[in-house]
Each structure stands twice: as structure tokens, then as C-alpha cells.
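Structure first, then comments.
For the single chain, residues carry numbers from 1 onward in sequence order. Each ligand, and each atom within it, is numbered from 1 in the order the structure gives.
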Amino acid sequence: MLPAHHLPPALLRDAADRFGTPLYVYSAAELDAALERVRGAFGDARVYYAMKANPNLTLLRRLHAAGVGFECVSPGEIARAEHAGAAGEQLIVNGPAKTDAEYAAGARLGATFILDRAEEVGLLPPQSRALVRVNPALDVSTHDHLATGAAGSKFGVTLAQAPAVLEALRAGGHTALGLHVHIGSAIRDARDFTAAFGRLTDLRGQTGPLDVLDAGGGWGLGADLHGIAREARRAADAFGAQLWVEPGRYLVAQAGTLLTRVVGIKRTGRNFCLVDAGMTELLRPMLYAAQHPVTPLWEGAETGEWDLAGPACESGDLLGRNVALPAPERGHLLAIGEAGAYGAAMSSNYLTRARPAEVLWTGQDWQVIRQRETPQDIWAAEV
Ligand SMILES: Cc1ncc(COP(=O)(O)O)c(C=O)c1O
């Protein structure tokens, strides 16, 4: 059975027949519902969508129309945000290694910068608004690659450095709005957030009151959002600050599903169900050992456990392991859930594989929000 927030199987089959596979399908209603859940938990906090999770312009425009700002970490993301209509207070420019182009674009648009190290004070455009990213030096419960607030990670300034960096910002003629913290991604244990916000709050005696506390994102699906929000609000209140948040995954993950067709099977002692999507379409299982819910869109008695193997020449190209399936046959469809975040966004042209089309169910019809690529699109920039 598909969870309620997913689109019904008949609709998914219709999309696969009309647009081909592999295919990313999104539900506009689920995107709206996720935003409502965030607003329900975080009240009047300002929401900046971390567009790295899914930068599709149609989704950006929908969020922009709903009053959401954007967190951008590359020149391309800043350009997308501008193209989607955002400017000024609706924009955050972040990143551990910003280039001159990013400072210039951020300044032109009036964005708020997140300072990742003290040296940036001298690199910021004159009279910038900035937050200081603090690394709370915490081990959190997520994949190592996804932990950004551990002592050895490349992000942010140390707790000890933070008050002096705020002071240096002011002395440099900038507006030091406050502090920022983001401890990682796909974190389900609310206690990790409590610990991080607690360490920031401990700085209150040295920083005095602040205008803004940006509590970042990183909320895993199924995390206690109200608990995280309560602790974030408590930390913001300790500084007398307005609360900002930067969810990526939480806003878009459940709105997206990857549809893939069975190409064949192979039994070698393990059962392989070969499918037409793999690491080039959805990298997360390979990169983070991420587990996505898999739903077969055909009926039948279960026939044991199958590894879902993609088409790439890499042994790790598996979208799922030990998935219980009815007997798979060439042409059957599988729905890979919770794929709206870091799915299409991390897809690649490795093996000159054309990236999938993306379609949005608006409630009435499918809207193509990204055309399927062709091989010619892939080599168009080559000389
Ligand atoms: C600074 C910052 N904010 C927000 C996010 C969004 O994280 P998530 O998609 O886990 O909510 C990220 C993700 O890497 C990030 O680095």
C-alpha cells in the first residue's frame, strides 16, 4: 500500500505511459502540505528553502508565491532564485568557499550572507547583512557525509570564535544580524537539535541580544518537528532574536517519487530485479546508503527478496536491497518514494545517460516541469 501522501497507482501508471521512464513525479498538494506542516510547527519563523534539495524552477516559483525565501550555495542557485523572482530579504547566500561572483551577485540582489569563516569579513561587499555560522562541535545521528556540525567538519566558526567574528563584522561596517547553525541532513533524533541550539544559547552572555537566529534545516522525515521547533524558538528567544529556518529535504522529499520500469531479472544466488533507473537518476542509496520505500505497481504473491539493480557499470548501483516483491517481469513499474529531495538534484550525465523528465500533478493534470534530456543536450557544450 502506498502511504496516503503519495499519488495513487493508476495515476503513476498513467504518468509512466505518457512520459516514459525513468520519471520523477511530484505532487503539488504534498509540497503545499509539507510547507503547512513546517509553518504549523515553526509559526512565524521566516522560511528559506534550501534549494539544493530540488532546484526545479516550477517548484521554486510555487514556494516563492507562498512567501518562502531561498538559501543559495552557488552562482547557479543564486541565478535560479533571481529567475524565480526572489530578491533582498528573500535571499540567503551561503557556502564554505564563496567566489567573487557569489559575493557580487548576492550584493546586487541585496541578499543576506552566511559567514563561514572569520576571513570572510574582509571579503564581503561593503555594508552587507550577515549571519555567522557556528559549528557546535557535535556528533549527530546521521551518515558521516551528512554531518556538518561535527568538530572536524569544514563548516562554520568555532563556538569560541563566534563572538569575536560578530564584533569584527560590526567593526567592518556590516550589519551583524546574528548566528546560524546547521548540523547536518536527514537527522531524525530531535535531541541532536536540542544539543546544538543549547550550545549556541550558551554564547548569549558573550554576544548580547541578536536580531536573528537561523536554526538551519536538516530535519529527517519522521522527526519530531514540533519538538525541534520548540527548542529552536527557545534559543531564538534567549537572544531576543527572530527565528529563521532553512529546510530542504523536509519540504520536498515526500512530494517526489521516482518511477522506474523492470528491464528483466537475474538469479545468481542473489535475486536481481534489473530496472531502468540507477545511481545516475537517484544517487542517495549509493552515496549515503539511504533507504527509500519501494512500492511495486503490480499485483501478485510475494516471491522473496530482490536487489534493485540499475544499469550502470558499478557494483554499488543498487537502488534497494532485499526488497520484497511479487514476481517481477519486464515492463512492470516500481515507485521509489521520498525521492523529491536530493533525487533529481543529484542526478548526473555519467555514462551519457540523459536525465529523466519531471512532471508535477497539479490536482487536475500533469504539468511537465522538466523535459527529458536527449544525448544531444548532453554534448551540446562540447567542442
Ligand atoms: C546550510 C544549510 N541549510 C539547509 C540545508 C538543508 O538541509 P536539509 O535538506 O537536510 O533540510 C543544508 C543542507 O545541506 C545546508 O547546508
Side-chain angles (χ1 to χ4, degrees), residues 31 34-35 37-39 41-42 45-56 59-60 63 68-74 77-78 81 91-98 102 106 111-117 120 130-136 138 140-150 153-157 177-190 192-193 196-197 200 212-225 228-229 232 243-256 283-284 287-288 290 292 338-346:
L31 178 68
L35 179 58
R37 288 197 294 275
V38 170
R39 291 206 161 125
F42 286 87
R46 255 200 225 170
V47 181
Y48 290 90
Y49 170 54
M51 74 163 76
K52 57 179 79 72
N54 190 323
N56 185 283
L59 304 185
L60 295 188
L63 289 168
V68 171
F70 300 123
E71 187 249 8
C72 308
V73 294
S74 74
E77 287 195 351
I78 298 169
L91 275 182
I92 289 177
V93 171
N94 188 18
K98 299 177 200 74
E102 285 162 275
T112 300
F113 291 94
I114 310 263
L115 216 77
D116 202 76
R117 62 188 200 283
E120 276 195 272
L131 291 155
V132 176
R133 179 167 182 169
V134 182
N135 181 338
L138 271 176
V140 298
S141 51
T142 189
H143 190 280
D144 276 357
H145 296 350
L146 293 172
T148 56
S153 105
K154 68 178 175 183
F155 298 100
V157 307
L177 283 182
L179 298 176
H180 170 280
V181 66
H182 174 78
I183 54 176
S185 197
I187 300 168
R188 291 202 184 89
D189 190 340
D192 289 337
F193 294 96
F197 302 151
L200 254 67
V212 174
L213 181 88
D214 183 334
W219 323 322
L221 304 179
D224 170 14
L225 209 58
I228 297 168
L243 179 61
W244 294 6
V245 289
E246 298 172 358
R249 175 185 323 279
Y250 197 90
L251 281 178
V252 290
Q254 291 177 310
L283 185 59
R284 300 190 68 256
L287 195 59
Y288 307 129
H292 286 259
E338 298 174 2
Y342 307 103
M346 292 178 118

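Considering only residues two or more places apart in sequence or on other chains, Phe70 meets the ring-ring contact (aromatic ring centres under 6.0 Å, His included) condition with none of them. Under the rule for a ring-ring contact (aromatic ring centres under 6.0 Å, His included), the partners of Phe42 that lie at least two apart in sequence or sit in another chain are Trp219. Partners of Arg37 by side-chain hydrogen bond (donor to acceptor under 3.5 Å, both in side chains), not counting sequence neighbours, listed by chain and number: Glu30, Tyr250, Gln254.
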For ligand 1, list every N/O pair with the protein closer than 3.5 Å, one pair per line with the distance.
unit_1, atom_1, unit_2, atom_2, d
ligand 1, 3 (N), Glu246, OE1, 2.6
ligand 1, 9 (O), Arg249, N, 2.6
ligand 1, 9 (O), Tyr342, OH, 2.5
ligand 1, 10 (O), Ser185, OG, 2.4
ligand 1, 10 (O), Gly218, N, 3.4
ligand 1, 11 (O), Gly218, N, 2.8
ligand 1, 11 (O), Gly248, N, 2.9

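Taking the side chain as every heavy atom from C-beta outward, Leu251 and Val38 approach each other to under 4.5 Å.
A pairwise comparison of heavy atoms in Thr148 and Asn135 identifies O-ND2, 4.3 Å as the closest pair.
None of Thr112, Leu115, Asp214 except one satisfies the side chain to side chain contact (heavy atoms under 4.5 Å, CB included) rule with His180; the exception is Asp214.
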